2 protein chains.
Amino acid sequence: MENTCDTRQRILDSARDLIYANSYAEVGVAAICDHAGVKKGSFYHFFPSKQELVLAMLDAFYLDMKERLGDKAFIDELPPLARLERFTQLAYEFQLQLHQTTGMVLGCPFGNLANEVSTHDEVIRARLEQIFKKFHTLIRNTLEEANDSGTLNHINADATAQAMLAYFEGVMLMAKNQNNTDVIKQLLPAMSSIRIHNN
Amino acid sequence: MENTCDTRQRILDSARDLIYANSYAEVGVAAICDHAGVKKGSFYHFFPSKQELVLAMLDAFYLDMKERLGDKAFIDELPPLARLERFTQLAYEFQLQLHQTTGMVLGCPFGNLANEVSTHDEVIRARLEQIFKKFHTLIRNTLEEANDSGTLNHINADATAQAMLAYFEGVMLMAKNQNNTDVIKQLLPAMSSIRIHNN
DNA sequence: ATTATAGTTGACTGATCGGTCAAGTCAATA
DNA sequence: TATTGACTTGACCGATCAGTCAACTATAAT
């Protein structure tokens, strides 16, 4: 045919579509193959297992989200706290667009998977922890920069960054459960005002 | 044998144990029956479907959590904000005990299920939304009481209660993903200091 | 032209999925 | 004692699960 890596990419895209909109356990390899227009034999030529596919999908998903959200929000041109506000705004717009397309609030792809597999798939659990740690570092660095410039006083940047990340995930979960993007619109902006102080 | 309703209760307990520790999709009816010491035919004598079992399990789980956490924390003897602090403390101790028993941080049973099924099981999704609404009302009433007594000024009690609930769920998710109760210990107390103001 | 390699195909495996069913046990009622 | 109805049992259903495999095609290097 034309392209050798096209099949692999189609499988990754299909897995992303289906697993994000449903769940890891609900979406079978056969469904991923059907949606990708690929036979099951080809699937196992490119990926040794469903688990390995999901790991590859997560890495690609992280890069995409980093480009679409992280790299657009955490820029030096903005004051530190404004970066957090832009991040929440971009995340809201992302969910809004998905909701218009699919009719569902899908929430955070990493939070979804973390909730599902953390207790019984150590490999995927650890990969998701890595991904969360990268987002955590983005936020923590921003808070430390604000700390240094005197914008904040004596906050625990590490704990506050974790708290903001947790709040983000919680808001996404509530919006997903209510299938309502207004939840994000109303609650998420408060993320940047969360503070955890030393002692 | 001895007790007619014992079987039904054993099935409910088994489902609670297994689904809470894993997930809805991962735990099959056969596994629930094995763990309950019951044959599959008996299962379908008491429950018409796996979905109906989960609905019954959720109702029982809610009542249990309300007794163990809600009724112990939201009491008139405590000042409003102290109730929230007691709630977070009791939730932490609950997770700590489960972690010692199972070796895993299991998070919030309702959040876990909500994340898994909200996009593809409307019945369970709606039941979970009801349960969240009850917890939301508990928190909102507490905040309004604090508002009336002048402890707080001009906060949006409804939105703040939702934000606290979201934060609670997010903290539980992060602790589950890191399999570390210290996350709860460090982050959850900040729940009661979250504020969303009008306008 | 021959060979090696990458990718494709569809049939196949054993296990498990949620759910069904007829036959049976048992205690209470009539 | 006969009958009823709640409960139990184990075999069974078609569908689907993740994963395998030998045969096949197409491309590229020798």
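All values derive from a computational prediction rather than experimental measurement. Any value given below was found using the heavy atoms of this structure, including those in side chains, with hydrogens, waters and symmetry copies removed. Lettering follows sequence order; numbering is per chain, from 1.
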Results of side chain to side chain donor-acceptor pair (under 3.5 Å) for B:Tyr24 - residues two or more places apart only: none

Any A:Thr7 side-chain N or O less than 4.0 Å from OP1/OP2 of C:dT8: yes

Rounded distance (Å) that lies between atom C1' of C:dC17 and atom CD1 of B:Ile32: 12 Å

Rounded distance in Å - CD (A:Glu26) to P (D:dT16): 13 Å

Atom-pair distance (CG on B:Leu18; P on C:dT16), nearest Å: 16 Å

Co-members of B:Ile75 in a cluster of I, L, V, M, F, W and Y side chains, linked at under 4.5 Å: B:Leu78

A:Phe47 CZ - C:dA6 C1' separation (whole Å): 15 Å

OP1 or OP2 of D:dT8 under 4.0 Å from side-chain N/O of B:Lys39: no

When the side chains of residues 13-22 of chain B are checked against the rest of the protein, which donor-acceptor pairs come out under 3.5 Å, sequence neighbours left out?
residue : atom : partner  : partner atom : Å
B:Asp13 : OD1  : B:Gln9   : NE2          : 3.1
B:Ser14 : OG   : B:Ile32  : O            : 2.8
B:Ser14 : OG   : B:His35  : ND1          : 3.2
B:Arg16 : NH1  : B:Asp64  : OD2          : 3.2
B:Arg16 : NH2  : B:Asp64  : OD2          : 2.8
B:Tyr20 : OH   : B:Gln95  : NE2          : 3.4
B:Tyr20 : OH   : B:Gly107 : O            : 2.4
B:Asn22 : ND2  : B:Leu18  : O            : 3.1

Between B:Asn115 and A:Glu116: side-chain donor-acceptor atoms closer than 3.5 Å: no

Distance in angstrom units between A:His45 NE2 and D:dA26 C1', rounded: 13 Å

Any residue meeting side-chain contact (heavy atoms from CB on, under 4.5 Å) with B:Ala114, in chain and number order, not counting sequence neighbours: A:Leu173, A:Asn177, B:Ser118, B:Leu128, B:Phe132

Restricting to nitrogen or oxygen on both sides, can you table the protein-nucleotides 18-21 of chain D pairs closer than 3.5 Å?
residue : atom : partner : partner atom : Å
D:dA18  : OP1  : A:Lys50 : NZ           : 2.8
D:dA18  : OP2  : A:Val29 : N            : 2.8
D:dA18  : N7   : A:Lys40 : NZ           : 3.2
D:dG19  : OP2  : A:Tyr44 : OH           : 3.1
D:dG19  : OP2  : A:Lys50 : N            : 2.9
D:dG19  : O6   : A:Lys40 : NZ           : 3.2

For a quick test of your reading: what N or O donor-acceptor pairs under 3.5 Å do the side chains of residues 65-72 of chain A make, sequence neighbours left out?
residue : atom : partner : partner atom : Å
A:Lys66 : NZ   : A:Asp71 : OD1          : 3.2

